[in-house]
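Below you'll find the structure, written out as structure tokens, and then a few comments.
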Amino acid sequence: MTTVYVPRDTTALALEADAVAERLQTGAAHRGQPVDLVRNGSRGLFWLEPLVEVDTPDGRMAYGPVTPDDVPGLLDAGMLGGQPDHPLCQGLTESIPYLRDQQRLTFARTGVIDPVSLEDYRASGGWQGLEAALAMAPEAIVDAVTESGLRGRGGAAFPAGTKWRTVLEADPERPGSHWSGQKFIACNADEGDAGTFADRMLMEGDPYCLIEGMVIAGLAVGATRGFIYLRSEYPNAAGILNEALQRAESAGYLGESVCGSGRAFHLSVRLGAGAYICGEETSMLDSLEGKRGMVRVKPPLPAHRGLFGQPTVINNVLTLASVPFILREGARSYADYGMGRSRGTQPFQLAGNIARGGLVELAFGVTLRTLLEDFGGGTASGARMRAVQVGGPLGSYLPESHWDEPMDYEGFSEVGGMIGHGGIVVFDESVDMAAQARFAMHFCEDESCGKCTPCRIGAVRGVEVIDRIIANQERDTNLTLLDDLCETMEQGSLCAMGGMTPNPVRSALQHFPEDFQRPAPTAHAGGG
Amino acid sequence: MLGYFDPATDAGTPPVESTEQVRLTIDGQSVTVPEGTSVMRAAALAGISIPKLCATESLEAFGSCRLCLVAIEGKRGTPAACTTPVAEGMTVRTDTERVQRLRRQVMELYMSDHPPEYLSRSDRSDCELQDRVAQVGLETVRYGFEGRNHLDAEVDDSNPYFQFDPAKCIVCSRCVRACDEVQGTFALTIQGRGFDSTVAASQDDDFIDSECVSCGACVQACPTDALLEKSIIEEGLPDHSVRTTCAYCGVGCSFKAEMKGERLIRMVPDQDGHANHGHSCVKGRFAFGYATHPDRLTTPMIRNHIDEPWREVGWEEAIDFAARRLKAIQAEHGRESIGGITSSRCTNEETYLVQKLVRAGFGNNNTDTCARVCHSPTGYGLKMTLGESAGTQTFDSVMHSDVILVIGANPTDAHPVFASQVRRRLRQGATLIVADPRAIDLLHTPHADPGLHLPLKPGTNVALINAMAHVVVTEGLEDQAFIDQRCDPDAFQRWRRFISEERHSPEATESETGVPADRLREAARLFGTAGNASIYYGLGVSEHSQGSTMVMGIANLAMATGNIGREGVGVNPLRGQNNVQGSCDMGSFPHELPGYQHVGLEDVRHSFELDWGVTIDDEAGLRIPNMLDAAIDGDFRGLYVQGEDIAQSDPNTQHVEAALRSLDCLIVQDLFLNETAKFAHVLLPGSSFLEKDGTFTNAERRINRVRQAMTPLAGKADWEITQDLSNALGYPMHYSHPSEIMDEIARLTPTFRGVSFEKIDRLGSIQWPCNDEHPEGTPIMHETDFPIGLGRFAVTEYVPTTERSNSRYPLLLTTGRILSQYNVGAQTRRTRNDTWHAEDVLDLHPQDAEDRGIRDGDWVGITSRTGSTVLHAVVSERMPPGVVYTTFHHPVSGANVITTDNSDWATNCPEYKVTAVQVEKVHQPSRWQQRHEADDRQQRAFLTGSLAVPEDE
């Protein structure tokens, strides 16, 4: 029986992948050629979704983007035999340059396997990192992560090994507390930045990889409980994760005795309630505790007093999902990728006005231009590309003059950029950068938790001041005021939400001043 | 300007205890502070004031206002001083141009959403925000005032005492945090997010409809005018303040009475108060209106007969009338035919003076006090076992307790400020055990583990405490080292044999107490293995026929487990009234001179006789119930009552009334025409705590100063009235100030030897014993030994009360207090606290209600063997089946019409807490209530000199 892959990833589902799968299965059966249908994750080539793959002796043959109506024609053209004679045939998947030219370490399995199949996972090197970790002392695991150079992929790029060591060494005894003695692993899967999807793609395509990473983290720091804080906007990921958790537990990878080692790790998913700020780690802790998500002051660091006041490792999905590779292949293998102090790979996410949107995992050091042009293929509209926002809604807008900097954490920040979670949103020349600056403040106004003054009031005033600038009211005074406000927010805010909101505002002003000199628009059109 | 408006006194973050000291430099100044201290606090200690709004030293640092930004060498950006801990060698600048600019810009944001007039300083408010505006030097708001704002937000003035104006709120969360951290009610929250964040009570209710308990912590914490006392709005800011002590419960909170001339504007809890540390409850904080209520008696009055109208007279005539009558009675009926009752609401000095008047002026020992009906068993029971008639700890000690056992007390209502401290400890992880028929609110402490409830049947305390001790002894949980070292071995062995008997086991007593044996065992094990276990108890222990036995049982349990003599442990009676500890200390009881010195002891008498120049009767005098019985018999004919309302508060009202009616001379000295005064011949207008100097002693033996804030309404402080009466009777007293009375007390009372007003003023407060050995007082008692040497275990045989339910009276009535009201309500009923509790009601279990066809709000008749009364019913799951509950704050409720004559075997403390009753649906008030209402109208009419009974008041 021929094996056919139709993704169950959210992106594919949004493009009618379920209907495609159904038409395929019934159509094939009708033709007397029943197929073995595997619902895999996404390869991350979104312009080709739903990307249907067929197993052939030469490898998997790709067809996409496939609509339900394309199915009879594809079957007629011999798709099940791997025939290439159809306009939607993309050749062998692995040979598609977009995929071929990546360095997929973390996403090696995503889109390849059935995400909830334990056999698939094991067959593709799964659990080997865990097995290695089980044979190691906690300190040795932490050492390996430190040596790999892995840094937090959530945006702050804090060295993961350092964080783990802090938790490993933290005293969890809190006399009188219900949770005394407990340490936690908390996975931040509240992927809220517009234009980012790597976390979701991994959780939907290779959930065991994240689970394995978390178990290893637990072994490393002495934590026996973990939570995945998942945004509620990812119901598909929640379903897949929960199914994977259940299977992993039944198979003994989770629970009282991980792989019979006698060491416990319990893991469960907690859903957020739709607040962007809960992606900020301390707000996330509040939310996990069942409270309203509000930013906490640091110190104390979550590594000392985190969830329920106990030492807690908080890492992003991608950070934790990088760990199995490191333990399986060795820290050096991971550290061999990258440049400077940015080691390993970064899954970049191409979005916005781009011809070939999707996930591109590459070692640090790649330039924006390579990503935008070689992989992205320019704008989707065909118009000139004008601005790129990197690192989410709090990242700077970069003009073309900055697209040739190699992207590593340190070097990129020197040009005012921020890699953050690796989101890249592209705008063509029709963009109104004043509206984008206004949108940045408006976004902060919408999403501020309200705890600190610079963010709570500052964002509101930011919108108002930009409106006055756009309307040419006391322009110079208001430009000064906006500059002062940006300084207040940067220097005075409690967390990155308010502290980084000035990035897009200032960069828009700096690189695209001409957009702020237009006559007042008739309405306050929101951007983004 | 008043002290607390001065921000310099608030170091911004709480003090930190650490063995490590850290040295740092702030603005070039070297500072050494304990490790963990915030930069803000370190700066404040060095005299450097960093602007702040969301920080105050009573709350944990929060870091939201961002006004306290500073520059720290080697650190990126501008961290907040409140949330940044000091580090060795740190160099901090609080005044760089950059931080000054940032602060100004932050303040500019604040003011862009605030009424513009707050930009300029005004004297109309005590708004901290305005001070900060000036401090950071903000003069204009470049954003203007036309942007999004909250200026049109609606004011919530639903609370009778304070209002919330969101237009003036800066969302600093100090109120929310005060409600959480200080009060522990968690009634407030921030609703909405970002710019829409607003302070909300409960589920965005009005304050009055929310879970708010009006403790005032939020108002106190608010740095703006958003939460503000209505009295400030109505009467303006005070111009001076007087530090004094609250006159409500036995917690003894320190307050600043803030005055505008002679007028009390508001009571502000004192941060430096040793009992309350700046916290308060709705009574002490707000319910002071009674002090100037129109009902206050301001002129002495006399009458020949209680069916006559009152006649207003001068002080001299009133005192002379009283003295002549008393002398005449003694001339005809003998020296023993008169007596006096001291007040647990008056000062130590006043109480001392009344008993001195009785002993030296009347020439007998017929003195007693209202402690008779509340904590007399505590005095007896603790003296017999531990050797001193007082609680062993400070309130702060509870912060070191691992297990807290609360028996027969309801601290969240009756001792709210202490309850907040207990709740703080419970949130930190201590374990709570409650032995009470009702599921009291302490069991529902937010953010703490649920406590262990032992819902015993009323009247079975001793069986319960014996069972706990039985488990301790039979499961080897005793602290043998403590027992060997500190306790009398014979008494212990005797007790141990007794308590080990199987009949005391939880299994054997389960049917009696109603407490499941396994749950009781769990409680005993928790208590026995806690580390630090403390016991707090109330009138649910003492007001029983075995009250004294129970107190001794408690002491036994504490000794057996070694929980005496250090922080975190102890035996702690929660005293009901402000000075009930003091009134007992001051020799109010008929058998004891001040300091619990027995009148039968010759050397004791001798020292007093030398000082007072009289001979003291060597026999104990009459207790209150004896006085009342003797009055009915005709042997007791004259009574001087200072500040107590026995007609309402003593059991079996009809009996009390009959006794009072038979007196030839009843002298009542009180603030109001209370129930007792309706039977009086002489009315002497008393003075409130605001009108005099003196001291109160709280439940932790803490002697606190009461200071005069206003002139006595009727011209005399209570001690002056007693002195006048004494002089008129021919026993001379010539004190010119209460401090002289305290000097005399110190002279004659070993435990008070080192006490003086001067020393209390200097130290803030003193916990007795205070003498040469403990010149600054004794926070924790019995640290090395007991006053009687070795602790004495007492055999505590359980004897069931004769007051038992049967087919005719199938339910057990028990009584208690509610937060907003205080005791017989004479004070709180004359304040706006009536908003919360306009009448007493009867709580009963849904099953008992259904059996009787009773629904919420029905009139129900409650009938006991003694009498009957009528109340509205409240059907409540909090009650166990078979037990009904009411409060006694309103005279017309007649709670004591139904209570019985049963009393504690040792002290005659009435058995208020157990009355067998029947409850049924009725349609009108009881006969007693109808008569009471008519009598009340009549007596009120007599006040105005009228004979007629007006139809309506």
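- Interface residue Ser64(B): backbone and side-chain heavy atoms are both found under 4.5 Å from chain A.
- Against chain A, the residues from residues 65-75 of chain B that qualify, each with a non-hydrogen atom under 4.5 angstrom away, are Cys65(B), Arg66(B), Leu69(B) in number order.
- Ranked by heavy-atom pairs shorter than 4.5 Å toward chain B, the options Val460(A), Asn478(A), Leu481(A), Val297(A) are led by Leu481(A).
- Under the 4.0 Å criterion applied to side-chain N and carboxylate O atoms, Arg142(B) and Asp484(A) are assigned as salt-bridge partners.
- Checked by atom type and distance alone, the side chain of Arg148(B) never pairs as donor or acceptor with a backbone atom of Glu464(A) at under 3.5 Å.
- Only the backbone of Gln191(B) comes within contact range of chain A, with at least one heavy atom under 4.5 Å from a heavy atom of that chain.
- For a residue to count as touching a neighbouring chain, one of its non-hydrogen atoms must lie under 4.5 Å from one of that chain's; by this rule Ser493(A) touches chain B with the backbone only.
- Side chains of Ser112(B) and Arg461(A): a donor-acceptor N/O pair is present below 3.5 angstrom, by distance only.
- Contact of Arg427(B) with chain A is not made at all, since no heavy-atom distance falls under 4.5 Å.
- Every residue two or more places apart in sequence or in another chain that forms a side-chain contact (heavy atoms from CB on, under 4.5 Å) with Leu138(B) is listed here: Arg104(B), Met107(B), Glu108(B), Met111(B), Leu119(B), Val133(B), Val136(B), Val141(B).
- If you tally non-hydrogen atom pairs under 4.5 Å between each of Cys444(A), Gly293(A), Ser448(A) and chain B, the highest count goes to Ser448(A).
- Between Leu485(A) and Gln105(B), every side-chain heavy-atom pair lies at or beyond the 4.5 Å cut-off.
- For the pair Glu487(A) and Arg101(B), the minimum side-chain heavy-atom distance is below 4.5 Å.
- For the pair Phe62(B)/Arg296(A), no side-chain contact is recorded, criterion being any heavy-atom separation below 4.5 Å from C-beta on.
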